[in-house]
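What follows is a set of notes on a single structure, which appears directly below.
Within every chain, numbering begins at 1; the chains are lettered A, B, ... in the order of the sequence lines, protein sequences first and strands thereafter. Since we're looking at a predicted model, the values are computed, not measured. Computed from heavy atoms alone, side chains included, the values below leave out hydrogens, waters and symmetry copies.
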2 protein chains.
Amino acid sequence: MKKESEELVGVKEIARRANVSIATVDRVLHDRPGVSLKTKEKIQQIIKELNYQPNIVARTLASRKKLKFAIIIPASSEETSYWKAPLDGVLQAEQELRQYGISVEKYLFDQNNRKTFVKQSATLLQQKPDGILLAPMFVEESNQFMQQCREQSIPVVFINSDLPGQSGLAYFGPDLYQSGYLSAHLISYLVRPSDSILMLHITRELEMDHHLLRKEEGFRAYWQQQGYTHELITLHIGQTDTETIRHHISRQLKNSSIRVLFVTNSRVAAVAKVLEELDRTDLLLIGYDFLEDSIAYLKKNVIDFLICQKPQEQAYLGMMALYDKLVLNQPVKSVHFMPIDIITRENHLFYNN
Amino acid sequence: MKKESEELVGVKEIARRANVSIATVDRVLHDRPGVSLKTKEKIQQIIKELNYQPNIVARTLASRKKLKFAIIIPASSEETSYWKAPLDGVLQAEQELRQYGISVEKYLFDQNNRKTFVKQSATLLQQKPDGILLAPMFVEESNQFMQQCREQSIPVVFINSDLPGQSGLAYFGPDLYQSGYLSAHLISYLVRPSDSILMLHITRELEMDHHLLRKEEGFRAYWQQQGYTHELITLHIGQTDTETIRHHISRQLKNSSIRVLFVTNSRVAAVAKVLEELDRTDLLLIGYDFLEDSIAYLKKNVIDFLICQKPQEQAYLGMMALYDKLVLNQPVKSVHFMPIDIITRENHLFYNN
DNA sequence: GATAATTTCGTGTACGTACCCGAATATAAG
DNA sequence: CTTATATTCGGGTACGTACACGAAATTATC
């Protein structure tokens, strides 16, 4: 009963009740000028009373304005195909949003070269998009970029990592600290009191250390809270080639008490390769991200666990947040931590990246 | 360039090219009678050439038909609040689908009383819904229900468990076998060679054994493949009250080699309660589902892992599958296994049920 | 070959909202 | 009080599709 009446209210009914035309109601709805204060208030009153909900379908159809979104994220490289997943998420969102007259322009940069980011971000801004999805890999450059976006009042959504102190529209990504904390818990089940743990940060870009160190923090926090006394070796490897990694690892493994290797990013596949070559697949190996290479090693039991945080969904939801904000005019929650998923040999087939 | 031209094609353009009216194109699009074979083929040809994509927004707005969906699932009970999550998923879908003129009627039954299912399903069918979401708890009764749906050609989507041999539109739920298999893997990390494992099926309804036994199958398969020789005790508890559970468990725990308890459904919280009372929180406890009670014990470290398969999403996606099929006329994949999520003390905060 | 029955097709309106354009009214300027 | 200017409003069309209704063309019937 009540529902019925609620369903049927449209601008027409409001106009009838207020003794005005549809156009005037529309002006009030969109806060456009040309309405006297008196009638405006009367109409707003009626809108409230009827609990009017605009028909999004009709609105979309009638609306002429074609929005333009832009994304700027790292390109998927030979080094890691991680960024393929977020791009897929963007593509999926684009597919769905096309219906609503939204186009998406894509700008990719090299995550090992901050100049490419600066260049791409400049070209992006020339296109004057209505909303931006940003993976802020380079803190300083991203901050400058944000400054310009603010001047042009373009809303920006962050994915993958946050930009502290910046007022983006929203953040979709992992809680890095908790992620490390969880890894520690997982590993605590796997080690015997006398075992040592080798934590590996494998990255060329010092910039990224911010990520990895945050994970390490979480890890150490757990370890300390539990009062564990296992030997915990941290190693930073600045080169990502197999050679270098093997060199470092085989040296470390002379310490025979090492039983668990924890790689703080997607380079875990490279470590797996080395372990396989060294015939040390008996060691427990834990790393990040649902990449093809890693999955292969997961299947072969070289990698034991992968931790993953839905990279595709991060991007997809980020795009949708822009849509919610700019089209539906809905409020958007500013922080969305992704689930921390644990992938094993058994459940990987069912994982939706 | 190419995109532009693709965007702009509508029925109007097709009609122009075919030298017919919009209405005729519409008839072909909907395969309605009243078009000569010759013109029909010509129009279909043009549609293909232009790769015409109907404008869903306009279609929805113009379409008068109001679809009615119905769901029939167990009610959330004091015994387990599991079914609250699927209902939430339904509610969320309802919210989104309301825009498109779709209403949802909800029929809940008592999962301990098959007569309530029969009764509710009969009332449901009288409403002649256009699509149905079904949790087929009672195999025989569900089969009969499906028979009627088939006669009335109403598409049915299954959630939570499949109905083997029935031709539903789709299934959204766990792969029970793999779920048990994964649990086994997880547990294999936790046990020492001399430990015993206690597997608990706690349920009043024999019917449900189908679920639980399938999980046990998966579990045993892993154990056998690995050649493990741990003692594996299986116990079926037919009462769900704490009293009975405590009785059984304390008796089993006289076997001091038991170190891991694996509860094959959401009743794990009851076991946790017992373990806490018996002051045996040192034991490892693994169970199913993301319920409030269980989470509390997870936080207190009484429960170590929960395995969860997105009950809310099952229902949500199931509803959307009906929409895809009936409104968008899109093909629907017939089996959708949910991810097998592992919940711990650390990641539970970020889990989206 | 005329009429009836049937098939095939086009015209026009509706869905609910956006927004252009010009009319009506109110206010200011002379 | 007239004319000019600004303000406030309503009529009407468009968005792309669905579908009722009736007109035209075809085929069947005698």
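For B:S63, no side-chain nitrogen or oxygen approaches OP1 or OP2 of D:dA18 to under 4.0 Å.
With a 6.0 Å radius and a threshold of 12 heavy atoms from other residues, nucleotides or ligands, A:K84 has its NZ atom at or below the threshold. Around the NZ atom of B:K12, the shell of radius 6.0 Å holds no more than 12 heavy atoms that belong to other residues, nucleotides or ligands. Residue A:K68 qualifies as enclosed at atom NZ: its count of foreign heavy atoms under 6.0 Å is above 12.
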Close N/O contacts between protein and nucleotides 21-26 of chain C (under 3.5 Å):
none

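Mapping A:A23 and A:K12 onto DNA chain C via the closest heavy atom, the residue that lands nearer the 5' end is A:K12.
B:P74 has its side chain within reach of B:M137: a pair of non-hydrogen atoms, C-beta onward, lies under 4.5 Å apart.
Residues that satisfy the ring pair (Phe, Tyr, Trp, His ring centres under 6.0 Å) test with B:Y82, not counting sequence neighbours, are absent from this structure. Among residues two or more places apart in sequence or in another chain, the salt bridge (Lys or Arg N to Asp or Glu O under 4.0 Å) test is passed with A:D324 by none. Applying the salt bridge (Lys or Arg N to Asp or Glu O under 4.0 Å) criterion to A:R150, with sequence neighbours excluded, gives no partner residue.
For the pair A:I22 CD1 and C:dA18 C1', the interatomic distance rounds to 11 Å; values are reported in whole Å. Computed from coordinates, the B:R32 CZ to D:dC21 C1' distance equals 14 Å when rounded to whole Å. Per the geometry, CD belonging to B:Q99 stands 13 Å off C1' belonging to C:dT17, to the nearest Å. Computed from coordinates, the B:K66 NZ to D:dC19 P distance equals 12 Å when rounded to whole Å. Atom CD1 of A:I14 is separated from atom C1' of D:dG10 by 17 Å (rounded to the nearest Å). Taking atom CG of B:N19 as the reference point, atom P of C:dT8 lies 19 Å away to the nearest angstrom.
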Self-check item: Evaluation steps, side chain to side chain donor-acceptor pair (under 3.5 Å), between A:Q45 and A:E49
Solution: CA-CA 6 Å; A:Q45 171 66 18; A:E49 275 176 11; 3.0 Å; yes

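In this structure, B:F172 and B:H336 have parallel ring planes: the angle between them is below the 30° cut-off, well short of the 60° mark. Ring planes of A:F350 and B:F337: perpendicular class, angle over 60° (limits at 30 and 60°).
Among the nucleotides D:dC9, D:dT17, C:dC9, the one closest to any side-chain atom of B:D26 is D:dT17. Distance from the side chain of B:S21 is smallest to C:dG10 among C:dG10, D:dC9, C:dA18. With distances taken from any side-chain atom of B:A62 to the nucleotides D:dA18, C:dG10, C:dA18, the minimum falls on D:dA18.
Proximity of residues 52-61 of chain B to DNA chain C (heavy atom under 4.0 angstrom from any strand atom) is restricted to B:L61. Of the residues in residues 41-48 of chain A, not one places a heavy atom less than 4.0 Å from an atom of DNA chain C.
For the side chain to side chain contact (heavy atoms under 4.5 Å, CB included) with A:E96, the qualifying choice from A:E94, A:R98, A:Q92 is A:Q92, the only one to do so.
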